[in-house]
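I have placed the structure first, in the form of structure tokens, so that the comments after it can refer back to it.
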Amino acid sequence: MSSSGPSGTVTCLFTDIEGSTKLLQELKALYPDVVALQEKILRDVFARHRGHVVDTAGDGFFVTFPTATDAVQSAVEAHQLLAKEHWPADCSVKVRIGIHSGEVFRKNEKYFGETVHEAARVMGAAHGGQTLISGAAKVLLGESLPDEVGLVDLGEHRLKDLRSPRRIFQVAHPSLQREFPKP
């Protein structure tokens, strides 16, 4: 990681392929090709929206953005491109995305703080093909939602390891799937 990532109040975005273990079992030797293609698509999208890839693990990403708007634009574009892709063996690749904004601190080029953990928990509540954002990220978005993007209030939910429920919102766009089970 370079020192070029944002600091102070940032927006953190986490991704993960839903059902990746099952996908690996089905695809076997083709699975690395799927992960590599997903990784290329996401890295290109993150770069276009000023995202700074902090870390990867397996098929997931941890990315920071200087603004919540950048993160939301990135998530919408990522879902659009992933849905259009022709995947090996005609498999279905659905990525879940979680976004949260807040204060972070950095040490030795790594990010720390409750903001990082909460962003991961927001992602953990999402379903494949869905982007969820926290109330804090919504506040930072203010009136600067990207074109055709809306937010659906999903109410308060308990997220793993967090003391109190958090209000979360689903990012909505005409080109994206809209109906999902509850978080």
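The figures here come from the full heavy-atom set of this structure, side chains too, leaving out hydrogens, waters and symmetry mates.
Contact record, Leu13 with Ala71: CD1-O, 3.8 Å, taken as the closest heavy-atom pair. When all heavy atoms of Leu27 and Pro88 are compared, the pair lying nearest together is CD2-O, 4.3 Å. Closest heavy-atom contact between Ser101 and Ala68: OG-CB, 4.0 Å. Scanning both residues, Val45 and Ala78, for their nearest heavy atoms gives CG1-N, 4.0 Å.
The main-chain N or O of Arg158 is never found under 3.5 Å from a side-chain atom of Glu156 such that the two would form a donor-acceptor pair. His49 places no side-chain N or O within 3.5 Å of a backbone atom of Gly51 that could act as its donor or acceptor partner. With hydrogens and angles disregarded, a donor-acceptor distance shorter than 3.5 Å links the side chain of Arg106 to the backbone of Gly5. A distance-only check finds no donor-acceptor pair linking the side chain of Asn108 to the backbone of Lys110 [under 3.5 Å]. No side-chain donor-acceptor contact under 3.5 Å links Trp87 to the backbone of Gln38. Here the side chain of Thr69 pairs a donor or acceptor atom with the backbone of Ser144 at under 3.5 angstrom.
By the rule that hydrophobic residues join a cluster once side-chain heavy atoms approach within less than 4.5 Å of another member, Leu132 and Val152 end up as members of one cluster. If you chain together hydrophobic residues whose side chains sit under 4.5 Å apart, Ile133 and Leu145 fall into the same group. When hydrophobic clusters are built by joining Ile, Leu, Val, Met, Phe, Trp and Tyr residues whose side-chain heavy atoms come closer than 4.5 Å, directly or via intermediates, Leu42 is grouped together with Leu81. Linking ILVMFWY residues whenever their side-chain heavy atoms come closer than 4.5 Å, directly or via other members, places Val63 and Val76 in the same cluster. Criterion: ILVMFWY side-chain heavy atoms under 4.5 Å apart, direct or through other members. Under it, Leu141 and Leu176 are part of a common hydrophobic cluster.
The closest side-chain heavy-atom distance from Thr21 to Leu23 is not below 4.5 Å. Residues Arg50 and Thr67 form a side-chain contact, since some pair of their non-hydrogen atoms from C-beta on lies under 4.5 Å apart. Side-chain contact between Phe65 and Ser74 is present, with heavy atoms from C-beta onward closer than 4.5 Å. Contact of the Asp59 side chain with the Tyr31 side chain is registered, since non-hydrogen atoms from C-beta on lie closer than 4.5 Å. In this structure the side chain of Phe62 reaches within 4.5 angstrom of the side chain of Val116, judged on heavy atoms. With a 4.5 Å cut-off on side-chain heavy atoms, Ile99 and Met123 do not count as touching. At least one side-chain heavy atom of Leu37 sits less than 4.5 Å from a side-chain heavy atom of Glu85. Contact of the Pro165 side chain with the His157 side chain is not registered, since no non-hydrogen atoms from C-beta on lie closer than 4.5 Å.
A salt bridge links Arg166 with Glu118: the closest approach of a Lys/Arg side-chain nitrogen to an acidic carboxylate oxygen falls below 4.0 angstrom. For the pair Asp44 and Lys40, the salt-bridge criterion is met [side-chain N within less than 4.0 Å of a carboxylate O].
Taking CD1 from Ile97 and NE2 from His127, the interatomic distance works out to 14.5 Å, rounded to the nearest 0.5 Å. Atom CZ in Phe180 sits 10.0 Å away from atom CG in Leu154 (nearest 0.5 Å). Atoms CG and CZ, from Asp70 and Arg48 in turn, are 13.0 Å apart once rounded to the nearest 0.5 Å. For the atom pair OG1 (Thr9) and CG (Leu140), the distance works out to 7.0 Å, reported to the nearest 0.5 Å. The distance from the CD1 atom of Ile41 to the NZ atom of Lys84 is 11.0 Å, given to the nearest 0.5 Å. Interatomic distance, OG1 of Thr56 versus CZ of Arg43, reported as 6.0 Å (0.5 Å rounding).
Gln130 pairs in a side chain to side chain donor-acceptor pair (under 3.5 Å) with only one of the listed residues (Arg96, Gln170, Gln177, Lys94), which is Gln170. When each of Val122, Val104, Val54 is tested with Cys12 by the rule side chain to side chain contact (heavy atoms under 4.5 Å, CB included), just one qualifies, namely Val104.
Note: Phe112 and Phe105 have parallel aromatic rings, judged against thresholds of 30 and 60 degrees for the angle between ring planes.
No hydrogens or angles considered: nothing links the side chains of His100 and Thr11 as a donor-acceptor pair under 3.5 Å.
Note: Phe61 and Phe14 fail the aromatic proximity criterion, with ring centroids not under 6.0 Å apart.
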